[in-house]
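Being a predicted model, the structure only gives us computed values, none of them experimental. Atoms within a ligand are numbered from 1 in the order they appear, just like the ligands themselves. Note that the numbering runs from 1 along the sequence shown for the chain.
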Amino acid sequence: MVVKNICCLGAGYVGGPTCSVIALKCPEIKVTVVDLSKERISQWNSDKLPIYEPGLDEVVKACRGKNLFFSNDINNSILEADLIFISVNTPTKTFGNGKGRAPDLKYVEGAARLIANIARSNKIVVEKSTVPVNAAESIMKILKANQRSGVSYQILSNPEFLAEGTAINDLLNADRVLIGGEETPGGEAAIEELCAIYEHWIPRKNILTTNTWSSELSKLAANAMLAQRISSINSLSAICESTGADVAEVARAVGLDSRIGPKFLQASIGFGGSCFQKDILNLVYICESLNLPEVGAYWQQVIDMNEYQKKRFTSKVIESLFNTVSGKKICIMGFAFKKNTGDTRESPAIYVAKTMLDEGASINIYDPKVEETQIYEDLTHPLISESPEHVRKHVTVFKDAYSATNGCHAIVLCTEWDEFITLDYEKIYDQMMKPAYMFDGRKILDHENLLRIGFNVETIGKRLGRPFVRRRWSSNPAVL
Ligand code: UDX
Ligand code: UDX
């Protein structure tokens, strides 16, 4: 079989950009991305795509309507396809066995049942969603148990390593493509088919083929190890703040060791995003299911350190503001979980906003890409707030940083957007309540300049001087 027709189930952050790039690089293949959500599909077919990703608009414009299609006609697309990507979401379970840790595979299972129901010809089914080790086997069981005569399936694991904000570049210039499959002639043939697609633009030496389990576990391992580096540097940032060390200098000194390398050593308010926490929780759950509690506890600590970092930073904000933010106005600059994306999943800004609201503050929020509706949706979620009315009354979303900071007691910078670096901080200082505070949770601002302007400045992993003269105490009580 030569793949001529691809269907992707799930038009999200992974399915959309991945299939757009496949369409761009394989003009002879018809790629159809389908989704249950009518709204999402109509956005993919409009001028305003449902996700913000640098370079994505250009890729979609180049292929849409030619060999790239976005559709709600899931059944027809499955019928036509030679190869089907499963790219639906796998949220952490919020109920029952494994609650708060195990991924909920109901959408993946649903996708497998749907394929079995619809398919009339042989299919290569590729799991793109991050899944627990063994998921391919479960998909295979469902497909085999519901197989029509004359229809056969091959299941591959092809995890996606793209990061949001750099997705198009990550897809075009992937460090590696990983494909796992069964070690049988049928499995190897299917692996070759998928390799042939990627070989349109990825050198063969960068396409790694493994057995299915290795592929599934490698995805979890890669995310866990990246997150572990962030938790490691964040743990050191706490030591830096208690001593005179600067975590940026420590990270540079450590990262120059070629065995360690400089990437993912940026201390921050904590990591967010849809993958790190979910995948580590998944790993911990697997360890517990396999009766490996020590291994599970080891990885759990990466998440615990991240929670500690978010809490530590937010507590510092409250302590600095004379131990109360009640009745004060706080500006949260940046709401996305990192720059160059409008995604807010697990964003540390949500934790900061929740804590400030619980402590009685009013908050102004500005983010260059996150929609106002998304911010209210996040903050009125039942896990975040018991009173949506309270959130609506005390949260205001602004369209620019200057209006958002006007009249505030403090700014808490949660996302490292480039535009925050070049704002006119003299102007911002002038319109804030005094003393004016800046809490730089991303270490991107010019702290010396802010201190010179008059701000009180706090950041991660470095003690900064204060713009007031320290009082000297005499050892002689008579001269106090
Ligand atoms: C998802 C998973 O969360 C992640 O674990 C995996 O690695 C890749 O796929 P993402 O693309 O970011 O990541 O998810 P999301 O943006 O939520 O997109 C999933 C899409 O699937 C949604 O548009 C949803 O409407 C759609 N979907 C979900 C279906 O079309 N059918 C379903 O049965 C379930
Ligand atoms: C991650 C993985 O990088 C990607 O390979 C995988 O496919 C999905 O999960 P993503 O979550 O999109 O990608 O973004 P990433 O750039 O990894 O950042 C995750 C979080 O870590 C962000 O909140 C980011 O701000 C934070 N981070 C990253 C740091 O705090 N310090 C760093 O040095 C790097």
Atom-level proximity to ligand 2, residues with heavy atom under 4.0 Å:
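Under the 4.0 Å cut-off, ligand 2 touches Glu160, Phe161, Leu162, Ala163, Glu164, Lys219, Asn223, Leu226, Ile230, Phe264, Leu265, Gln266, Ser268, Phe271, Gly272, Cys275, Phe276, Phe337, Lys338, Arg442.
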
Who pairs with [X] by ring-ring contact (aromatic ring centres under 6.0 Å, His included), at least two apart in sequence or on another chain?
X      : value
Tyr366 : none
Phe313 : none
Trp44  : Phe70

Sub-4.0 Å heavy-atom approach of Ser87 to ligand 1:
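Ser87 counts as a contact of ligand 1 under the 4.0 Å cut-off.
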
Work out whether the distance between some heavy atom of Thr90 and some atom of ligand 1 is less than 4.0 Å.
yes

Answer whether the closest heavy-atom distance between the side chains of Gln277 and Glu307 falls below 4.5 Å.
yes

Measure from NZ or CZ of Lys30 to the centre of the six-membered ring of Phe69 and say whether it is under 6.0 Å with the direction within 45° of the ring axis.
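Yes; both conditions hold, so Lys30 lies above the ring face of Phe69.
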
Distance-only polar pair, side chains of Ser268 and Glu416, donor-acceptor under 3.5 Å
no

Ligand 1 atoms in contact with Val88 (distance to a heavy atom under 4.0 Å)
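Those atoms are 1 (C), 2 (C), 9 (O), 21 (O), 27 (N), 28 (C), 29 (C), 31 (N), 32 (C), 34 (C).
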
Any ion pair linking Glu164 and Lys369 (charged N to carboxylate O, less than 4.0 Å)?
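So Lys369 does not pair with Glu164 through a salt bridge.
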
